[in-house]
Visitor: 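Have a look at the structure that comes next, please.
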Amino acid sequence: MMIADRDVWNPANQVAEVFVGQVGIASRILGVESGVEPIVEDECHIDAEKFEAFTSALSAAVQRTNNLAFRGMLHGILDVCAVLVSRAGGLISPAVDVPDSLPRTMPGFE
């Protein structure tokens, strides 16, 4: 996956498909464009500005919801998004506390 011509993650094909699908659903629910383009020939390009705004909106939604199931489902997407934004040099507000082990388990090009 590439953000602003920078390789940020090289997931297995199925993992990439699940991630892109989850982001698409969250984007529709939140009413915020994600900037994540469809996977084409094993590549997925992400618009940096839109993705950072989407990830910030996702973080805010996770923090404000009282529904624990909804929070849990969104949190999994949020953690991966936060790692990608960080690898691209972006910032998320409100900040996200990503588990220390997650970035190490996501093959990428830091």
Side-chain angles (χ1 to χ4, degrees):
M1 295 195 170
M2 297 184 70
I3 299 177
D5 296 326
R6 184 178 195 178
D7 286 318
V8 292
W9 189 26
N10 187 21
N13 291 341
Q14 287 182 325
V15 174
E17 288 180 30
V18 169
F19 174 72
V20 170
Q22 289 177 326
V23 166
I25 291 167
S27 175
R28 285 193 302 279
I29 289 170
L30 297 175
V32 178
E33 285 187 60
S34 69
V36 176
E37 297 176 11
I39 300 169
V40 177
E41 295 181 14
D42 249 6
E43 290 291 327
C44 179
H45 294 273
I46 301 171
D47 178 281
E49 192 173 304
K50 288 179 182 177
F51 190 65
E52 191 172 323
F54 165 76
T55 304
S56 290
L58 187 58
S59 177
V62 166
Q63 289 190 14
R64 78 173 164 261
T65 187
N66 292 324
N67 186 311
L68 295 179
F70 187 55
R71 180 182 296 147
M73 286 186 268
L74 292 182
H75 215 291
I77 304 165
L78 176 60
D79 286 347
V80 174
C81 290
V83 170
L84 300 181
V85 168
S86 175
R87 287 179 178 178
L91 297 172
I92 303 163
S93 179
V96 178
D97 186 23
V98 176
D100 292 337
S101 62
L102 183 61
R104 290 190 303 273
T105 64
M106 293 174 60
F109 304 90
E110 291 108 325

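Keep in mind that what you see is a predicted model, and the values were worked out from it rather than measured.
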Visitor: Other residues, nucleotides and ligands only: do more than 12 of their heavy atoms fall within 6.0 Å of CG on N67?
Guide: yes

Visitor: Quick check on the hydrophobic clustering: are M73 and L58 connected, directly or via other members, by side-chain heavy-atom contacts under 4.5 Å?
Guide: no

Visitor: Kindly say whether R87 contributes a backbone atom to a donor-acceptor pair with the side chain of R6 at under 3.5 angstrom?
Guide: yes

Visitor: Quick one: pull up CD1 in I3 and CD in E49 and give me the separation to the nearest 0.5 Å.
Guide: 13.0 Å

Visitor: Could you see if I39 belongs to whatever hydrophobic cluster contains V18? Use Ile, Leu, Val, Met, Phe, Trp, Tyr and a side-chain cutoff under 4.5 Å.
Guide: no

Visitor: Can you tell me how far the CG atom of L84 sits from the CG atom of D79, to the nearest 0.5 Å?
Guide: 11.0 Å

Visitor: Run the salt bridge (Lys or Arg N to Asp or Glu O under 4.0 Å) test against E37 and tell me which residues pass, sequence neighbours left out.
Guide: none

Visitor: Without swapping roles, check the side chain of S59 against the backbone of T55 for a donor-acceptor pair under 3.5 Å.
Guide: no

Visitor: Count the heavy atoms of every other residue, nucleotide or ligand shown that sit under 6.0 Å from CD of Q22, and state whether that count exceeds 12.
Guide: yes

Visitor: Please identify each residue that fulfils side chain to side chain donor-acceptor pair (under 3.5 Å) with H45, with sequence neighbours left out.
Guide: none

Visitor: Any idea which heavy atoms bring T65 and V62 closest together, and the distance?
Guide: CG2-O, 3.6 Å

Visitor: Run the side chain to side chain donor-acceptor pair (under 3.5 Å) test against Q63 and tell me which residues pass, sequence neighbours left out.
Guide: none

Visitor: Report yes or no: does S34 contribute a side-chain atom to a donor-acceptor pair with the main-chain N or O of F51 at less than 3.5 Å?
Guide: no

Visitor: Cluster question for you: counting only ILVMFWY and a side-chain heavy-atom cut-off of under 4.5 Å, with indirect links fine, are V36 and V32 together?
Guide: yes

Visitor: Could you tell me whether the side chain of S86 and the main chain of A82 form a donor-acceptor pair under 3.5 Å?
Guide: no

Visitor: Taking V15 as the starting point, is it possible to reach M2 by hopping between hydrophobic residues whose side chains are less than 4.5 Å apart?
Guide: no

Visitor: Should F54 and I46 count as side-chain neighbours, where that means a heavy-atom distance under 4.5 Å?
Guide: no

Visitor: Considering non-hydrogen atoms only, spot the tightest contact between P94 and S56 and give its length.
Guide: CD-O, 3.9 Å

